[in-house]
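One-based numbering along the sequence shown.
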Amino acid sequence: MSAILYTMLSLAGLLQSVHGLPYQTSIQELQSKQPLLDGLPSNTNITLRYVALGVGVQNYTCNGTSYVQTQSSDGALATLYDATSYLASNPSAIGSLSIERLEAYEESQHCEESSNREPQLPTLGEHFFTSDMVPTFDIFEAEPTRKLSAAKIQAVKAPVSDAVSWLYLVDCDDGTSDGLEAAYRVETAKGVAPSSCTSEETGSQVAIAYAAQYWLYE
Ligand SMILES: *[C@@H]1O[C@H](CO)[C@@H](O)[C@H](O)[C@H]1NC(C)=O
Ligand SMILES: *[C@@H]1O[C@H](CO)[C@@H](O)[C@H](O)[C@H]1NC(C)=O
Ligand SMILES: *[C@@H]1O[C@H](CO)[C@@H](O)[C@H](O)[C@H]1NC(C)=O
């Protein structure tokens, strides 16, 4: 009797672990397909949690000669969508998702809701800069919620000239990160400021639409 029960229990356990396997396998496989450029550190010592598609704007302020990101209203403001499962099943879309979503966002006059179609991706949270210019990834729509308050460690020129650079960021250790340790910004689309501005434009801000994939690691 107890032997039968034991067999049934181990069978149930086996089925459960088999059932749990595809997600683990596919996220590990996806991690091995992360786009990288020379100059960005390898991702082999960390564990992928989410691939977040960010769609929004990069803000810049004219300092008299150049557009810079130095004040609190500068930097990125983007909605983060969960592209993890979609890209795990469609890895060939890694190279095209950002620009496709950016074009849909621009066509819909920066209306995110109507640009989130085919595939419709779940919202994960928001990417923004704090008043101290700390790049922050707030994954408040996920269960459990996670957060990364980051410091930029590496930047490498994007393969496309009108796209913002690819980055490697890590927890800035100010005690506000939770459940995330590092992020790569890759597959960037647009977001670059005009190359110069004039002294008459000093203090004026521009918001440049962009999209990027943030590969978030725990
Ligand atoms: C992982 O290793 C690389 C060097 O290969 C290092 O630059 C990076 O900071 C490490 N990442 C973490 C989160 O420890
Ligand atoms: C504006 O920013 C650029 C780039 O950082 C810098 O080279 C330049 O000196 C700055 N100009 C002024 C007027 O501060
Ligand atoms: C960036 O500019 C947009 C559009 O002007 C504005 O809505 C947003 O609040 C600005 N971003 C930040 C971080 O203040």
Side-chain angles (χ1 to χ4, degrees), residues 26-60 67-70 72 74-84 86-88 91 93-99 101-102 124-130 132-139 142 145-193 208-218:
S26 64
I27 202 159
Q28 276 166 18
E29 249 176 61
L30 184 58
Q31 174 164 348
S32 70
K33 291 174 183 150
Q34 188 201 297
L36 278 172
L37 291 173
D38 282 349
L40 292 174
S42 110
N43 64 348
T44 48
N45 49 350
I46 44 184
T47 304
L48 183 64
R49 178 43 50 198
Y50 288 113
V51 180
L53 174 72
V55 181
V57 292
Q58 292 279 342
N59 291 356
Y60 301 85
Y67 282 106
V68 292
Q69 293 184 307
T70 48
S72 61
D74 295 335
L77 186 61
T79 302
L80 298 176
Y81 296 97
D82 189 356
T84 321
Y86 174 68
L87 292 178
I94 292 172
S96 55
L97 184 64
S98 302
I99 187 68
R101 277 312 168 102
L102 180 63
L124 262 186
E126 205 175 354
H127 172 44
F128 58 91
F129 278 54
T130 66
D132 297 329
M133 296 302 287
V134 176
T136 305
F137 301 86
D138 195 354
I139 308 300
T145 63
R146 292 171 195 261
K147 189 173 178 180
L148 177 65
S149 300
K152 184 165 75 184
I153 301 293
Q154 303 277 359
V156 175
K157 226 165 124 19
V160 187
S161 67
D162 67 345
V164 287
S165 52
W166 292 23
L167 304 177
Y168 176 63
L169 308 110
V170 297
D171 181 6
C172 70
D173 278 329
D174 68 356
T176 61
S177 292
D178 183 16
L180 291 173
E181 198 178 316
Y184 292 82
R185 180 177 79 184
V186 301
E187 297 296 342
T188 53
K190 303 196 186 170
V192 173
I208 313 289
Y210 88 109
Q213 288 165 30
Y214 296 96
W215 290 56
L216 302 172
Y217 286 82
E218 59 184 7

Heavy-atom closest pair, residues L124 and D82: CG-CB, 3.6 Å

Qualifying residues under side-chain contact (heavy atoms from CB on, under 4.5 Å), relative to D38, sequence neighbours excluded: none

Exceeds 12 heavy-atom contacts within 6.0 angstrom, atom NZ of K33: yes

With A93 via side-chain contact (heavy atoms from CB on, under 4.5 Å) - residues at least two apart: Y86, L87, N90, S96

Identified side chain to side chain contact (heavy atoms under 4.5 Å, CB included) counterpart of H127 within the set T79, L80, L77: L80

OG-OH distance between S42 and Y168, expressed to the nearest 0.5 angstrom: 8.5 Å

Heavy-atom closest pair, residues P35 and E187: CG-OE2, 3.4 Å

Stepwise side-chain contact (heavy atoms from CB on, under 4.5 Å) test for R185 and W166: CA-CA 5 Å; R185 180 177 79 184; W166 292 23; 5.9 Å; no

Nearest non-hydrogen partners of P41 and Y184, listed with the distance: O-OH, 2.8 Å

side-chain contact (heavy atoms from CB on, under 4.5 Å) partners for D171, two or more places apart: L148, D173, S177

Heavy-atom check, side chain of D74 versus side chain of F129, under 4.5 Å: no

Give every donor-acceptor pair under 3.5 Å between a side-chain atom in residues 209-218 and any protein atom, sequence neighbours left out.
unit_1 : atom_1 : unit_2 : atom_2 : d
Y210   : OH     : Y214   : OH     : 2.6
Q213   : OE1    : W215   : NE1    : 3.2
Q213   : NE2    : I94    : O      : 2.8
Q213   : NE2    : S98    : OG     : 3.3
Y217   : OH     : Q34    : OE1    : 2.6
Y217   : OH     : N43    : ND2    : 2.9
E218   : OE1    : R49    : NE     : 3.4
E218   : OE1    : R146   : NH1    : 2.9
E218   : OE2    : R49    : NH2    : 3.2

pair T145-I139: side-chain heavy atoms closer than 4.5 Å: no

Where T84 and I27 come nearest, the two heavy atoms and their spacing: CG2-CD1, 3.9 Å

From L37 atom CG to Q154 atom CD, the distance as rounded to the nearest 0.5 Å: 11.5 Å

Atom pair CD1 (I208) and CD (Q58), whose distance is rounded to the nearest 0.5 Å: 9.5 Å

Smallest separation among heavy atoms of A150 and F137, with atom names: CB-CE1, 4.4 Å

OG1 on T44 to CD1 on I46, rounded to 0.5 Å: 8.0 Å

Residues forming a side-chain hydrogen bond (donor to acceptor under 3.5 Å, both in side chains) with D174, sequence neighbours excluded: T176

Residues that V134 engages under side-chain contact (heavy atoms from CB on, under 4.5 Å), provided they are two or more places apart: T130, D132, T136, S149, C172

For the student: nearest non-hydrogen atoms of S161 and V192, plus distance: O-CG2, 4.3 Å

